[in-house]
Amino acid sequence: MPELPEVETMVRGLRMVMEGRRIQSVRVFDPFLLEKVSRRRFEQTLTGKRVRRIWRKGKWVVIELAGGFSAVIQPRMTGGFRASMDGNRPAHSRILFRVDGPHHHVWFCDTRRLGRVALVDEVELAAKLSADHHGPEATDITATELAAALAGTKRPIKAALLDQRVVSGIGNIYADESLFDARIHPERRANQLTAAEVRKLCRSIRRIIRLAISMQGTTMRNYFNVFGEAGSFQDRHRVYGRKDDPCVRCKTPIVRANIDGLLGRSTHYCPTCQRHE
DNA sequence: CGGTTACCCTGGATGC
DNA sequence: TGCATCCAGGGTAACC
């Protein structure tokens, strides 16, 4: 579920409960999520290590340990962390990190089990976070960078925005919201946007993603931060989840459609404000 | 190579 | 109430 603002919120919470602390134990309840590492090695490698730093790249969480190893977590659709002071297991909890702070228990929960967890050294970490997987961050991508990434592809602009190598951190919600803000139709071919449109889209992306971070992300159904609190950016959605509602700019009913090349994900837009020409 | 598709999972909502 | 069907904010391998 989470896109960049939700993952950023997640990471800020994790820092409060884990950063600088020592991991006392790790328990993997569902090894299915582990990527190329056994349950035993994952648990043993993390146990006893101090958490040096927690950060994110796009929608991926990095828990950096003293000594050089890092855990890289991809929450994908339904993954998230939950801190607690007692040992009660939350629903769908898959991994437990016990630390030496007041929030002794940090759980990784994932309803659909699509999330992935890797254990990497410095070299593997650099490879995982390279341009093979991630373009510039949506929080600060420049118009020059965006223009360069879009020039080479005739895919629909929305498909390009969902490609993490073009811009890192955007998912279905923020793609729709950014395109509405920039008044660009989601099916426009990426390489046919004018320079002015690319600049505008770039500003919209940065503005919306930053605003969403300040509002702790979007909670539609099951995203909550580390402390179980909902975000509030859903109150500012202009198109996502607003099918048939009047456009805030022109009153035209918002359309929800399936467009090609998006793996069946739904697309919301205003057919009047976002013209296809 | 760029672009598209199938698929990995589970559970809640919707429809009959 | 029960059951079938559809849908979900992601990412990647395999394919054309």
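What's counted below: heavy atoms across the whole structure, side chains too, no hydrogens, waters or symmetry copies. Please read all numbers here as calculations on a predicted model, not as lab measurements. All chains are named by letter (A, B, ...) in the order of the sequence lines, taking the proteins before the strands, and each is independently numbered beginning at 1.
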note: A:N258, atom CG; C:dC7, atom C1'; distance rounded to Å ~ 10 Å
State plainly whether the residues A:E35 and A:K128 are in salt-bridge range, i.e. N to O under 4.0 Å. yes
Check every strand shown and say whether A:Y174 touches a base, only sugar-phosphate, or nothing at a heavy-atom separation below 4.0 Å. nothing
Report task. Indicate whether OP1 or OP2 belonging to B:dC9 is found under 4.0 Å from a side-chain N or O atom of A:T111. Result -> no
note: A:D176, atom CG; C:dG9, atom P; distance rounded to Å ~ 9 Å
- Task: On the 0 to 90° scale, with breaks at 30° and 60°, tag the A:F233-A:Y174 ring pair as parallel, tilted or perpendicular.
- Result: tilted
Quiz item: So, is A:H133 close to the C:dT12 phosphate, meaning a side-chain N or O under 4.0 Å from OP1 or OP2?
Solution: yes
With respect to the phosphate group of B:dT10, does any side-chain polar atom (N or O) of A:R113 fall under 4.0 Å of OP1 or OP2? yes
Between CG of A:D132 and P of C:dA13 the distance, given in whole Å, is 12 Å
Rounded to whole Å, CG of A:L161 lies from C1' of C:dG9 at a distance of 15 Å
Separation of C:dG9 atom C1' from A:M10 atom CE, nearest Å, is 11 Å
What is the nucleic acid contact for A:R221, judged by heavy atoms within less than 4.0 Å: base, sugar-phosphate only, or nothing? base
Between CG of A:L33 and P of C:dG11 the distance, given in whole Å, is 15 Å
Please report the distance separating the P of C:dA14 from the corresponding atom of B:dC9, rounded so that it comes out in whole Å. 15 Å
To the nearest angstrom, the NZ-P distance between A:K36 and C:dT12 comes to 11 Å
Answer yes or no: does a side-chain N or O of A:K59 lie under 4.0 Å from OP1 or OP2 of C:dG11? yes
Winner on side-chain proximity to A:R76, out of C:dT12, C:dG9, B:dT10, is C:dT12
When the ring centroid of A:F180 is compared with that of A:H268, is the distance short of 6.0 Å? no
Between A:D110 and A:R76, does any NZ, NE, NH1 or NH2 come within less than 4.0 Å of an OD or OE carboxylate oxygen?
no
* Asked: Contact class for A:S266 vs. all strands (heavy atom < 4.0 Å): base, sugar-phosphate, or nothing?
  -> sugar-phosphate
Checking B:dC9, B:dT10, C:dT12 against the side chain of A:Q74 (C-beta onward), the nearest is C:dT12
Open item on the list: With rounding to the closest Å, how many angstrom separate the P atoms on C:dG9 and B:dG3?
Closed with: 23 Å
Sorted by position of nearest nucleotide on DNA chain B, 5' first, the leading residue of A:L114 and A:T153 is A:T153
When rounded to the nearest 0.5 Å, the distance separating CZ of A:F69 from CD of A:E124 is 7.5 Å
request  = Check whether any side-chain nitrogen or oxygen of A:R112 sits under 4.0 Å from OP1 or OP2 of C:dG11, and answer yes or no.
outcome  = no
Flag yes if A:M215 and A:I173 sit in one hydrophobic cluster, no otherwise; membership is Ile, Leu, Val, Met, Phe, Trp, Tyr, and two members link when side-chain heavy atoms are under 4.5 Å apart. yes
From CD of A:E3 across to C1' of C:dA8 the rounded distance in Å is 12 Å
Answer for the Watson-Crick or wobble partner of B:dT10, both distances under 3.5 Å, is C:dA8
Using a heavy-atom cut-off of 4.0 Å across all strands, would you classify A:R256 as base, sugar-phosphate, or nothing?
sugar-phosphate
